[in-house]
Protein chains: 2
Amino acid sequence: MKESKIRTIDYSNTRITGGFWKQKQQLVRRVTAKAVYDRFSDTGRIRAFRFDWKEGMPDKPHFFWDSDVAKWMEGAAYMLAQKPDARLEKKVDDLVDLIEKNQCEDGYFNIFFTVVDPESRFKNRDWHELYCAGHLTEAAVAYYQATGKRKFLDCMCRYVDYIEKRFVTDADTPFATPGHEEIELALVRLYECTKEVRYLNLAKHFVDMRGHDELCLPDWMAPSYAQSHLPVREQKTAEGHAVRAMYLYCGMADVAWHTDDAQLRAACEAIFDNVAEKRMYITGGIGSSGSGEAFTVDYDLPNLISYTESCAALALALFANRMLRFGADSKYSDVVERVIYNGFLSSLSLDGKSFFYQNPLEILPGMHTRDVSVKHKSVHLPPMQRSEVFACSCCPPNIVRFIPSIANMLYSDDGEVIYVHQFMQSLTTIERDGKMLVLEQNTRYPENGKVKIKLTGGDARVAVRIPGWFEGYTGKTEKGYAYFDLSDGDELSFDFTMKPIFVEARPEVVFDCGRYAVMRGPVLYCMEGADNGAVLRDIALDSHARFKYEKHPVLGVPQLSIRAWRTVREPNAPLYRRKTQNKEQVRAVLIPYYAFANRGESEMQVWHFVK
Amino acid sequence: MKESKIRTIDYSNTRITGGFWKQKQQLVRRVTAKAVYDRFSDTGRIRAFRFDWKEGMPDKPHFFWDSDVAKWMEGAAYMLAQKPDARLEKKVDDLVDLIEKNQCEDGYFNIFFTVVDPESRFKNRDWHELYCAGHLTEAAVAYYQATGKRKFLDCMCRYVDYIEKRFVTDADTPFATPGHEEIELALVRLYECTKEVRYLNLAKHFVDMRGHDELCLPDWMAPSYAQSHLPVREQKTAEGHAVRAMYLYCGMADVAWHTDDAQLRAACEAIFDNVAEKRMYITGGIGSSGSGEAFTVDYDLPNLISYTESCAALALALFANRMLRFGADSKYSDVVERVIYNGFLSSLSLDGKSFFYQNPLEILPGMHTRDVSVKHKSVHLPPMQRSEVFACSCCPPNIVRFIPSIANMLYSDDGEVIYVHQFMQSLTTIERDGKMLVLEQNTRYPENGKVKIKLTGGDARVAVRIPGWFEGYTGKTEKGYAYFDLSDGDELSFDFTMKPIFVEARPEVVFDCGRYAVMRGPVLYCMEGADNGAVLRDIALDSHARFKYEKHPVLGVPQLSIRAWRTVREPNAPLYRRKTQNKEQVRAVLIPYYAFANRGESEMQVWHFVK
């Protein structure tokens with residue numbers, strides 16, 4: 001019998017062998033992972049696992065610290081799976097030893113609710129305990145799969161058993177589902193690893209119970225903030241806190257896939273469409289309001305005050321990638337691509353050491369210093385610079401786990417067709433009828449769009465995503481994929497020519513009206529004050545001129561330049577006067593959006609005026 | 001000896017005899033004044049003057065309520081000066097009786113600090129006591145001048161004497177100058193009325209003491225919030241709370257004029273230039289930040305989140321008009337005109353019953369409803385509709401006193417030249433060498449720019465402002481004024497042809513970059529959703545087409561229409577796609593900015609895209 005379900009081919013069977021993402025993986029391995037660990041040491045997050053904090057001591061553990069470190073551990077596991085590193089493994093083992101040592105008798109594990117406030121265990125829905133449990137579980141699974149060591153996994157199975165007892169068997173907690181989701185997808189992952197169906201059932205339980213008259217949220221939250229406004233199968237739009245939402249939708253997709261739940265799948269599809277068609281920035285960033293870090297309403301995508309949390313972007317890629325298991329459709333893989341090259345990647349500095357929590361689409365430095373006569377801000381704006389550390393440090397370790405596992409986004413397989421979703425220099429192996437197929441991808445993507453895909457080890461049908469941004473493909477496609485029957489040794493060759501283009505948003509996106517973005521292939525470009533001086537809105541790009549593509553002399557990243565007109569600043573012009581045509585020709589320089597804010601505070605703009 | 005100083009010819013010598021402002025004066029007399037009085041009755045502000053409030057009773061007096069009612073009384077005085085009205089006079093007399101009855105033995109008068117919190121008299125710099133005293137004083141002067149009744153004036157003289165004792169003679173208050181200015185200009189007015197030089201000296205005292213190491217402000221305020229960052233003669237920019245600032249600058253100008261203080265005058269000139277050249281909206285609105293209702297930094301004039309309080313706009317007109325006494329210069333009278341036809345007048349609904357506290361330059365209704373998952377707002381936005389009443393009700397009675405006294409803005413005289421600053425159908429009398437000159441203005445301004453000015457009763461030199469927006473004047477001008485030697489019976493005739501024009505802002509005003517406003521004469525026009533549908537930013541006005549000027553069929557105000565292109569909304573267009581040229585020709589309708597928001601909530605836009 002043929003396997004008909006599409007399965008993701010994960011990082012353990014795929015190696016990024018070169019190119020853009022290999023460089024990013026090396027950066028994370030060499031710089032970012034260490035930088036995040038060191039900041040976690042400096043801030044007491046690592047030491048907290050000793051469970052010896054007492055009132056009056058510095059570095060009081062916070063109730064979500066476990067998750068910060070867990071994500072770092074998960075990232076370490078992916079790096080260890082790719083390449084041994086005794087010092088890195090020792091760091092994880094030390095943490096695992098502390099986790100085992102300090103886990104409660106009954107299986108419960110949480111630093112804050114053991115050493116700071118033990119009375120509050122499982123009392124507050126919004127206090128992130130199950131979220132922490134989820135991240136620890138993911139880390140445990142990843143570490144077991146990377147090293148074969150069971151200790152951490154066993155600890156987390158005990159903890160999950162305890163959670164099942166409290167939330168299902170005894171049902172004695174004041175709330176039924178987590179205020180901050182994540183555990184759902186982690187439980188499915190634990191099930192996939194252990195084959196223990198109770199874990200899948202527990203995931204399904206948390207998904208099913210959601211949105212049924214449950215309160216236990218802070219007063220200022222509407223139920224939709226925590227996706228609790230409706231039973232999940234009735235939800236059709238992305239609502240509330242964007243990271244929570246995306247983790248839930250991942251868990252829903254996982255449960256739907258494993259249990260063949262058509263209703264749940266349909267909810268996921270509707271929600272995805274709502275995000276991709278109405279609530280997503282051109283960067284792939286989501287969550288447009290800093291008030292609640294939240295989704296708002298359709299087409300509400302202001303640039304200057306965008307929240308667009310790094311974790312939310314990343315989680316959208318995770319969700320979109322999961323949706324590909326229901327059938328290859330480039331609407332999902334296009335979104336993955338949009339996110340990873342833009343709204344996610346912008347979160348990491350080019351030197352790998354500092355991080356954006358929010359990823360703005362426009363920076364007007366003057367707006368940050370306008371409140372000169374009061375000691376509070378009139379408008380919440382994203383910071384203009386990445387930071388090495390922040391109190392709520394969910395994003396940095398999320399980068400540490402996402403980039404090393406980015407190979408998860410590349411391929412899937414349904415026993416008949418091998419699907420190629422993303423283009424990265426890579427090698428993957430697929431077992432098929434006892435044979436080991438090897439699919440090799442050769443490409444310098446996104447430097448250019450030339451992609452070669454070679455199959456060896458047997459015959460197979462291969463489906464390749466034709467990128468949504470590429471308009472020159474003349475072959476037949478189905479839902480954005482081109483299908484090929486390949487024999488052993490066949491090589492497919494594509495040239496998705498990357499011509500810079502001007503992009504418009506739907507007119508309902510008011511803040512983008514009359515303005516245009518520039519993309520080259522999957523990469524969004526932006527203007528920075530550092531290259532173009534002030535004021536960027538003074539510059540109208542010539543939409544009929546040709547872009548020049550070259551290397552940025554300072555940043556080393558690609559740059560585009562184009563003829564443009566800048567309003568002439570007359571020193572003595574009145575504040576308001578009859579329209580003039582005083583423009584001077586200039587050459588505007590654009591850099592990849594992911595590379596902005598690497599040269600100090602600077603104006604930045606994604607949506608440009610054109611002429 | 002000739003009088004060489006320029007003196008304002010005030011409302012008592014000038015009658016608006018017809019036209020635009022006569023209609024507005026009638027509206028205020030018939031509708032607005034009553035509406036405001038009724039709201040003040042409803043909310044307990046009138047009853048509060050009985051001084052019988054006790055803890056537990058409703059309508060607890062607020063510490064600035066005295067000023068609300070005082071401004072209404074001042075407005076009533078101006079109306080009584082123009083036309084007797086026994087019922088209106090009775091209302092004022094009743095209040096005056098209560099004021100006399102409840103004034104403290106020592107002369108102190110404040111409802112809140114007598115019936116609610118007597119322990120706090122003159123303890124808190126920011127609690128508006130001197131501000132209330134100022135408005136009561138202005139009202140008392142106006143009522144005396146209108147009716148010849150001294151009772152109110154005598155009360156306020158007693159109060160001011162007490163203030164002088166506490167702040168100068170005894171100097172026993174913890175603060176030296178008001179947190180909210182206003183009393184300075186009121187004291188000068190009291191001096192002008194009574195000729196008692198102590199009052200001028202007290203005004204000068206408050207002006208001089210300001211900005212000398214005085215604290216006593218709430219923690220969240222920077223000293224500049226209350227214009228206390230520098231001694232006033234060293235201030236060169238408009239800072240802090242815009243209404244406080246403007247009232248101070250009025251007081252500074254008054255003191256400078258009376259005392260021939262060149263340094264103080266220079267500070268006023270510098271501050272005025274800073275406002276007019278760098279910190280004023282095209283409406284004449286000022287104070288661009290809702291955080292502190294404050295000035296911010298040069299060129300920071302965001303439209304969507306503008307604060308632009310009605311009182312601040314009105315006070316800018318008062319300040320600019322005062323500056324004309326140092327020498328006729330149309331930079332001042334142009335600003336008066338900009339304010340009165342736009343950012344001030346927008347504060348009153350066409351039916352005279354409701355009021356804007358803030359006067360936005362752009363309304364995007366969707367922004368008001370974006371925070372769906374949290375119970376707090378992400379961005380402070382001005383309300384979309386005028387309100388009949390609000391808790392902080394400074395603006396409605398300010399309208400009630402401003403419009404009936406708008407004739408103050410028209411003329412001034414230095415004994416040699418009669419200056420014509422504004423164009424309104426009016427009649428003014430000027431005593432000159434024992435003769436009574438009559439200057440009669442015949443105009444339908446701002447319907448059109450035809451103005452006839454006739455002098456009778458003798459000969460005089462007459463200076464007429466050539467409006468800054470009019471580019472067709474070919475005669476000789478000095479600082480924007482044309483000078484004419486007229487003999488008895490001579491008539492000047494002007495035609496300041498009003499052609500609608502597109503206006504641009506300086507490029508530093510980032511939110512106006514690439515966008516253009518439409519003005520016809522002094523009147524700014526805007527687009528509303530009610531006429532043009534959503535989304536206004538979809539519409540590009542054809543800057544080469546001709547405007548059509550006619551009457552708005554619903555509002556009865558003038559309207560402009562022009563050829564425009566609207567982005568075509570394709571129902572199934574993706575959220576982002578390659579730039580298209582899908583535009584349809586439409587006819588855009590613009591109405592006077594002062595007339596927006598008279599047909600329910602609607603999108604509104606001042607700065608437009610053009611083609």
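Note that this is a predicted model, so its numbers are computed, not measured. Just so we're on the same page: letters track the sequence lines, and every chain starts at 1.
- Here the straight-line distance linking atom CG of A/Leu304 with atom CD1 of B/Ile305 works out to 8.0 Å at 0.5 Å rounding.
- Distance CZ/B/Arg569 to CZ/A/Arg506: 7.5 Å, rounded to 0.5 Å.
- Each of A/His376, A/Met221, A/His380 has some count of heavy-atom pairs under 4.5 Å with chain B, and the biggest count is that of A/His376.
- Among A/Val379, A/Val509, A/Asp371, the residue with the largest count of heavy-atom pairs under 4.5 Å with chain B is A/Asp371.
- Contacts of B/Ile282 with chain A are made by both backbone and side-chain atoms, with heavy-atom separations under 4.5 Å.
- A/Tyr576 has its side chain out of reach of B/Leu524: every pair of non-hydrogen atoms, C-beta onward, lies at least 4.5 Å apart.
- Only the backbone of B/Asn572 comes within less than 4.5 Å of a heavy atom of chain A; no side-chain atom from C-beta onward does.
- At least one side-chain heavy atom of B/Asp300 sits less than 4.5 Å from a side-chain heavy atom of A/Met367.
- Both tests hold for A/Lys579 against B/Tyr516: distance to the six-membered ring centre under 6.0 Å, angle to the ring axis within 45°.
- Rounding to the nearest 0.5 Å places NZ of B/Lys499 at 6.5 Å from CZ of A/Arg578.
- The residue among B/Ser378, B/Gly468, B/Ser543 with the most heavy atom pairs within less than 4.5 Å of chain A is B/Ser378.
- Interface summary for chain B: among A/Lys278, A/Met519, A/Met280, A/Lys377, the most heavy-atom pairs under 4.5 angstrom belong to A/Met280.
- Heavy atoms closer than 4.5 Å to chain A are found in the backbone of B/Glu277, but not in its side chain.
- Of the listed residues (A/Gly514, A/Pro507, A/Gly290), the one with the most heavy-atom contacts under 4.5 Å to chain B is A/Pro507.
- In this structure, chain A has a heavy atom under 4.5 Å from the backbone of B/Ala276, while its side chain stays farther away.
- Contact annotation: the side chain of A/Glu239 never approaches that of B/Ser373 to less than 4.5 Å [non-hydrogen atoms, C-beta and beyond].
- Ranked by heavy-atom pairs under 4.5 Å with chain B, the first of A/Asp538, A/Ile501, A/Asp298, A/Val297 is A/Asp538.
- When the candidates A/Glu504, A/Arg537, A/Lys375 are compared by the number of heavy-atom contacts under 4.5 Å with chain B, A/Glu504 comes out ahead.
- Using a 4.5 Å cut-off on side-chain heavy atoms (C-beta onward), B/Tyr299 and A/Val535 make no contact.
- For B/Thr580, the parts lying under 4.5 angstrom from a heavy atom of chain A are both the backbone and the side chain.
- Within the 4.5 angstrom heavy-atom criterion, atoms from both the backbone and the side chain of A/Phe502 approach chain B.
- Listed options B/Pro574, B/Ala226, B/Ala294 were ranked by heavy-atom pairs under 4.5 angstrom with chain A; first place goes to B/Pro574.
- You'll find the side chain of A/Val372 stays beyond 4.5 Å of the side chain of B/Phe295, heavy atoms only.
- Using a 4.5 Å cut-off between heavy atoms, B/Leu301 contacts chain A through its side chain alone, with no backbone atom that close.
- When heavy atoms are compared at a cutoff of 4.5 Å, B/Asp219 approaches chain A solely by way of its backbone atoms N, CA, C and O.
- Distance check: A/Glu508 CD to B/Thr567 OG1 gives 10.0 Å after rounding to the nearest 0.5 Å.
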